[in-house]
Number of protein chains: 2
Amino acid sequence: MAPDDDLFQPVKPVRAYQRVAQQIEERILSGDLPPGSRLPAERELVVRFDVGRSTVREALRVLQTAGLIRSRPGDPLGAEVLGVSPDSLSQALSRLTRSRIASLGELVQFRMVLDAESNRLAARLHTADDLARMRDQIDRMERLGASSTGNLHAFSEADALFHRAVAEASGNSLLGLCARAVHEAVVGVIEEKIAGAADASAWMERSITHHRQVLDAISSGDAPRAARLGREALYEYYADHVEPETRRLLAAAVEDPSD
Amino acid sequence: MAPDDDLFQPVKPVRAYQRVAQQIEERILSGDLPPGSRLPAERELVVRFDVGRSTVREALRVLQTAGLIRSRPGDPLGAEVLGVSPDSLSQALSRLTRSRIASLGELVQFRMVLDAESNRLAARLHTADDLARMRDQIDRMERLGASSTGNLHAFSEADALFHRAVAEASGNSLLGLCARAVHEAVVGVIEEKIAGAADASAWMERSITHHRQVLDAISSGDAPRAARLGREALYEYYADHVEPETRRLLAAAVEDPSD
DNA sequence: GGAAATCAACTGGTCTGACCAGTCGACTGG
DNA sequence: CCAGTCGACTGGTCAGACCAGTTGATTTCC
């Protein structure tokens with residue numbers, strides 16, 4: 001191996017706040033500071049790291065932006081460790097979309113891929129427990145839908161939990177995490193545009209039917225059908241809301257002849 | 001619609017630095033501050049926003065962490081606007097992995113899904129230009145491989161450009177961006193463990209062959225085959241390096257009967 | 001004795017003012 | 001015309017102060 005010019009590399013200055021943030025992040029990611037535990041107070045960190053308070057605060061700001069910690073004025077226990085969350089993921093995705101680097105259509109198509117693959121893998125690798133969790137959420141959705149109080153919040157929470165159960169069954173948490181992040185990014189982009197557009201109870205009805213079909217496909221191990229159902233549902237739901245010029249992307253993604 | 005209790009929602013305090021950061025981010029994402037343009041100096045922002053310098057600095061720190069701006073001491077022009085970059089995406093993914101929320105196996109499996117879907121869509125939607133770009137990179141890889149100088153850096157750059165070309169052809173930039181982010185996260189996790197392990201020139205040889213096959217499948221519109229090739233290559237390359245207990249995940253992902 | 005009001009000791013959020021090392025452009029001396 | 005100097009910036013850091021809010025112990029009042 002010829003050590004041509006890789007021997008010396010440009011040295012980049014490391015700011016004090018970076019060293020502080022990195023040390024704390026290391027402790028959190030390694031598990032030394034589990035979620036729920038508390039960081040020392042800012043003024044305490046100042047003496048421990050031997051830096052100024054502004055430096056500590058910039059470090060904490062970075063960690064907070066990354067969703068690793070949360071701080072609240074007046075809390076005598078110090079900042080709370082949250083652990084790793086997909087928040088920063090969805091934030092990054094939402095930025096990509098809002099800056100029009102990625103269109104809404106791409107976002108939805110991306111989620112179609114993610115959901116379809118989650119469903120496919122879940123159909124293959126699920127356990128009885130996984131199926132029970134999914135069934136529970138569908139039952140809950142049904143109760144909420146029947147009561148007609150229009151409690152959409154609880155309904156979409158059950159929906160989220162269903163998807164989480166599928167992601168767990170798939171064995172790949174990344175798929176579920178990313179799907180959730182994409183979903184949040186989509187919501188952040190179109191927001192109210194959909195919110196009250198359609199008749200809520202009719203929509204809930206359809207949603208429940210769809211979830212039942214997915215559960216059926218997964219529990220019977222029909223991977224291709226589970227995947228296709230995931231894609232179709234998203235297409236049906238979002239196709240009318242994406243930019244016309246990207247709709248063909250969705251169409252290409254939904255009509256997958258391989259399954 | 002029953003406005004039960006959604007009428008009033010808990011009000012959450014908005015910090016001064018958040019308002020500052022949000023205003024600047026808005027200008028960047030909207031295009032008012034295109035990449036390459038400059039922000040006013042910190043002390044200038046202080047008077048414009050009418051806040052303290054620490055507040056301005058925390059706001060800039062947040063934006064810098066998100067990869068939206070870059071600042072350098074002494075620069076009389078102020079912080080440089082970078083525009084939206086996928087850096088924060090890969091950073092978020094890398095954190096998920098390092099915290100062992102996502103295992104290496106999941107990461108690789110995730111990339112299998114991403115690459116396979118990129119290839120699949122590229123096989124359907126490619127243009128002649130796309131194909132030319134891919135061919136260019138393969139040619140470049142071949143020249144680099146033949147010269148046997150072992151310039152791995154340039155080789156992997158050509159590899160990255162090939163994948164970017166595929167992502168562009170697929171019409172979904174998100175797929176490529178995420179794949180790249182995952183790739184960086186994987187590299188960050190196993191790093192040298194692979195670097196000099198195998199014979200470099202033999203590996204380049206195989207890599208070139210694989211890329212030729214993918215290009216062939218894409219240009220002939222054979223979507224299922226393109227997808228399968230993408231999965232298999234990753235499996236072949238990484239299977240030995242993931243944790244044994246997650247290898248079955250990879251196996252489940254690679255042997256997709258649907259294509 | 002027990003519930004309610006009070007208070008002191010914190011917390012994080014913000015501001016001010018200062019100093020440093022580095023960068024850059026203009027000025028200056030050859 | 002070029003090299004060196006110098007001063008006016010920059011961002012990075014620190015110290016110290018004040019504020020509003022939370023908290024828990026203390027005191028007050030029924």
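Listed by residue number, A:G52, A:R53, A:S54, A:T55 are the residues of residues 52-63 of chain A with a heavy-atom contact under 4.0 Å to DNA chain D.
At whole-Å resolution of the value, CG in A:L77 and C1' in C:dG12 are 13 Å apart. Put simply, CD1 on A:I69 is 10 Å from P on C:dG12, counting in whole angstrom units. Taking atom CG of residue B:D75 and atom P of nucleotide D:dG12, one finds them 11 Å apart after rounding to whole Å. Protein atom CZ of B:R19 is 13 Å distant from nucleotide atom P of C:dG13, rounded to whole Å. Atom pair A:K12:NZ and D:dG12:C1' shows a separation of 18 Å (rounding to whole Å applied). Computed from coordinates, the B:E44 CD to D:dT10 P distance equals 9 Å when rounded to whole Å. Atom CG of A:L45 is separated from atom C1' of C:dG12 by 12 Å (rounded to the nearest Å).
Comparing B:A79 and A:V51 by the nucleotide of DNA chain D whose heavy atom lies nearest to each, the residue mapping closer to the 5' end is B:A79.
Atom CZ of A:R111 and atom CG of B:L174 lie 13.5 Å apart (nearest 0.5 Å). The distance from atom OG of A:S37 to atom CG of A:D32, rounded to the nearest 0.5 Å, is 9.5 Å.
No hydrogens or angles considered: a donor-acceptor pair under 3.5 Å links the side chains of A:R61 and A:Q64. A donor-acceptor pair shorter than 3.5 Å can be found between the side chains of B:E106 and B:S103.
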Give the table of side-chain donor-acceptor pairs shorter than 3.5 Å for residues 160-170 of chain A, with sequence neighbours excluded, one pair per line with atom names and distance.
residue : atom : partner : partner atom : Å
A:E168  : OE1  : A:R133  : NH2          : 3.3
A:S170  : OG   : A:A167  : O            : 2.6
A:S170  : OG   : A:N172  : N            : 3.2

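When distances are taken from the side chain of B:E42 to each of D:dC14, D:dT13, D:dG11, the shortest belongs to D:dG11. Residue A:A16 places its side chain closer to D:dT13 than to any other of D:dT13, C:dG12, D:dT23. The side chain of A:P73 sits closest to C:dG12 out of C:dG12, D:dG11, D:dC14. Nearest to the side chain of B:Y17, among C:dT14, D:dT13, D:dG12, sits C:dT14.
Between A:R95 and B:E25 there is a salt bridge, since a side-chain N of the basic residue sits under 4.0 Å from a carboxylate O of the acidic one.
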Exercise for the section: Take B:S88 and B:Q91 through the test side-chain hydrogen bond (donor to acceptor under 3.5 Å, both in side chains) and record every step on the way to the result. Expected result: CA-CA 5 Å; B:S88 54; B:Q91 213 176 20; over 6 Å; no

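The base of D:dG11 sits with one of its N or O atoms less than 3.5 Å from a complementary donor or acceptor on the side chain of B:R43.
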